[in-house]
Amino acid sequence: MELKELYELKLQAKEPFDLNLTLSCYSFNWWFNGRAGVIPLLEEPMTVAVVSGSNLEVEVKVFGVEQVDVEKQLRWILGLDEDLSDFYSKVERDPLLREVPKTLRGMRMRALSPWNALLVAICQQNASFMQGWRMLSRIYKLLGAEVNVEGLKTIIPPGPGKLLSDDAKVKLREAGAGYRAEVIVEAAKRAREGLLKEASSLSPSRAEDVLREVKGIGSYTARLTLVLSMRMYELLPLDRWLKRLAEEVYGVEDAEKELKARWGRWCGLATYFTTVVLDAEVISEALRRALSGEVKPKPYAGRPTPLTMWMHEWR
DNA sequence: TGCCAGGCGGGGT
DNA sequence: ACCCCGCATGGC
C-alpha cells in the first residue's frame with residue numbers, strides 16, 4: 001500500500017527537546033532511519049506522519065488517504081508539551097538516573113496507541129529485552145500492515161481486529177509468543193469491546209484494575225500500558241529486573257516503597273529511563289553496571305539496545 | 001544439555 | 001498475606 005502526502009506542518013517543542021533521541025528510542029528500523037521518524041497515527045482512515053527537522057522546529061509530513069487533522073495527536077505522541085523539569089531535579093543525584101537530565105536531556109517518551117502499548121507490555125512478560133522485542137518485531141512483520149511512504153517501507157502495528165483473525169494464533173506462535181498468544185488474543189477481544197477506552201477515562205489506579213480484568217494481565221503489564229500510551233506515570237511497573245536493581249543499588253528490602261519515595265509521580269517514566277540508561281542489559285550485567293556507576297547509555301553496544309535497536313535488522 | 005528470563009494465575013499454607 | 005510452581009519459547 002502506498003500512501004500519498006496530504007499536507008505539511010511545523011511544530012515547536014517546550015525546551016529542552018531532543019528530536020533525535022526521542023525518535024531513536026525503542027524504534028525499529030521501519031520507524032526510524034537516523035534522520036526521519038515514521039509515526040503511525042490512525043488505522044482508519046490510514047494516516048501516518050513522517051517527522052524530521054531540528055530540535056527547534058519539528059517538520060511533519062502527513063500521509064494518508066483523506067484529510068485529517070493530526071497536530072494535537074502528534075504533539076501528544078512526541079510529548080512536545082511535557083515539562084520534565086520537576087523530574088530532572090528529582091533524579092539529578094539519583095544513582096540510577098542521574099544521566100537522564102544530562103546525556104538524555106530533552107528526550108521524551110514517544111507515546112504508543114493504547115492497544116499497541118498493551119501488546120508491547122505483554123511481550124515483555126517473563127522475557128529478556130532481546131526476547132521481548134524480537135517477539136514483537138515478528139508479530140509486526142507477520143500481522144502488521146506494510147505501507148510505503150516516500151519510498152520508505154514502514155509497518156503499521158496490527159490492531160485488535162487483526163489479532164482476532166483466524167490465523168492470528170498460528171502467527172503469534174510463529175512469532176515465538178508462546179503462552180502469551182492466548183493473553184494477546186484475550187486482550188484483543190476486550191480491546192475491541194472498548195476496554196482501553198474505558199481505562200483511559202479513569203484514574204490510574206482504577207485503570208489498572210480494569211486492565212487486570214483480562215486473564216494474563218497483571219499489575220506490571222497494566223501499569224506499563226498506562227505509562228506507554230497514556231503518560232500515566234504515577235504507578236510503578238515493577239518487574240523482577242527493576243526490583244533487584246533497586247534492592248541492590250539503594251540497599252533496601254522494599255523496592256516499591258523506596259522507588260515511590262524517590263520518584264514520586266514520575267515512577268513510570270523513571271522506569272522507562274532506567275532501561276534506557278542501562279541499555280536494557282540482563283540483570284547480572286545491569287547490576288554490575290549500576291553498582292559501578294556506569295549509568296550512561298553506550299553509544300554503540302554491538303547489540304541492540306533501546307537507543308540503538310533502530311540500527312539493527314530484526315527478523 | 002538443562003536452566004533461566006523485565007509475569008501471571010492458581011493452589012497451597 | 002504470603003510462598004511456590006508451571007507455563008511456551010528462545011538463548012546460552
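All values below were derived from every heavy atom in this structure, side-chain atoms included, with hydrogens, water molecules and symmetry-related copies excluded. No experiment lies behind these values; they were computed from the predicted model shown.
On the C1' atoms, dG9(B) is 23 Å away from dG10(C), given to the nearest whole Å. Between the P atoms of dC3(B) and dC5(C), the separation comes to 13 Å (whole Å). Spacing between dG6(B) and dC2(C) at atom P, rounded to whole Å, works out to 24 Å. Taking the C1' atoms as reference points, dG11(C) lies 22 Å from dC8(B), given to the whole Å.
Under 4.0 angstrom from either OP1 or OP2 of dG7(B) there lies no side-chain N or O belonging to R180(A). OP1 or OP2 of dC8(B) sits under 4.0 Å from a side-chain N or O of T221(A).
The side chain of N126(A) has dA5(B) as its nearest neighbour among dC8(B), dT9(C), dA5(B). Closest to the K215(A) side chain, of the nucleotides dG10(C), dC8(B), dG9(B), is dG9(B). Set against dG6(B), dT9(C), dG10(C), the side chain of T275(A) has dG6(B) as its closest nucleotide.
Rounded to a whole Å, the CZ atom of F129(A) is 14 Å from the P atom of dG11(C). Note: CG (L245(A)) to C1' (dG6(B)) measures 10 Å, nearest angstrom. Here dG7(B) presents its C1' atom at 13 Å from CD1 of I184(A), a figure rounded to the nearest Å. Remark: C1' of dG6(B) and CG of L242(A) are 9 Å apart, rounded to the nearest angstrom. The distance from atom CG of L236(A) to atom P of dG7(B) is 13 Å, rounded to the nearest whole Å. Taking atom CE on M135(A) and atom C1' on dG7(B), their separation rounds to 12 Å, with Å as the unit. As a whole-Å value, the separation of Y26(A) OH from dG6(B) P is 12 Å. When the C1' atom of dT9(C) is taken as reference, atom NZ of K171(A) falls 20 Å away, rounded to whole Å.
The backbone N or O of D18(A) sits less than 3.5 Å from a side-chain atom of T22(A), completing a donor-acceptor pair. Formation of a donor-acceptor pair under 3.5 Å by the T103(A) side chain with backbone atoms of V100(A) is not found in this model.
Within 4.0 Å (heavy atoms only), L224(A) reaches no atom of the nucleic acid at all. Across all strands shown, A181(A) has no heavy atoms under 4.0 Å from either base or sugar-phosphate atoms. Across all strands shown, Q131(A) has heavy atoms under 4.0 Å from base atoms, whether or not it also approaches the sugar-phosphate. Using a 4.0 Å heavy-atom distance criterion, S219(A) is classed as a sugar-phosphate-only contact.
Between D81(A) and R75(A) there is a salt bridge, since at least one side-chain N of the basic residue sits less than 4.0 Å from a carboxylate O of the acidic one. Under a 4.0 Å N-O distance rule, the pair R173(A)/E182(A) qualifies as a salt bridge. Using a cutoff of 4.0 Å between basic side-chain nitrogens and carboxylate oxygens, R288(A) and E294(A) are scored as salt-bridged.
Taking for each of R212(A) and A280(A) the nucleotide of DNA chain B with the nearest heavy atom, the 5'-most of the two is the partner of A280(A). Projected onto DNA chain B by closest heavy-atom contact, I283(A) and V214(A) fall at different nucleotides, the more 5' of which corresponds to I283(A).
Each of V68(A), I156(A), L74(A) was evaluated against L41(A); a single residue qualifies, L74(A), per the side-chain contact (heavy atoms from CB on, under 4.5 Å) test.
Donor-acceptor pairing under 3.5 Å, judged by distance alone, is absent between the side chain of R134(A) and the base of dG10(C). For Y179(A) against dG9(B), a side-chain-to-base donor-acceptor contact under 3.5 Å is absent.
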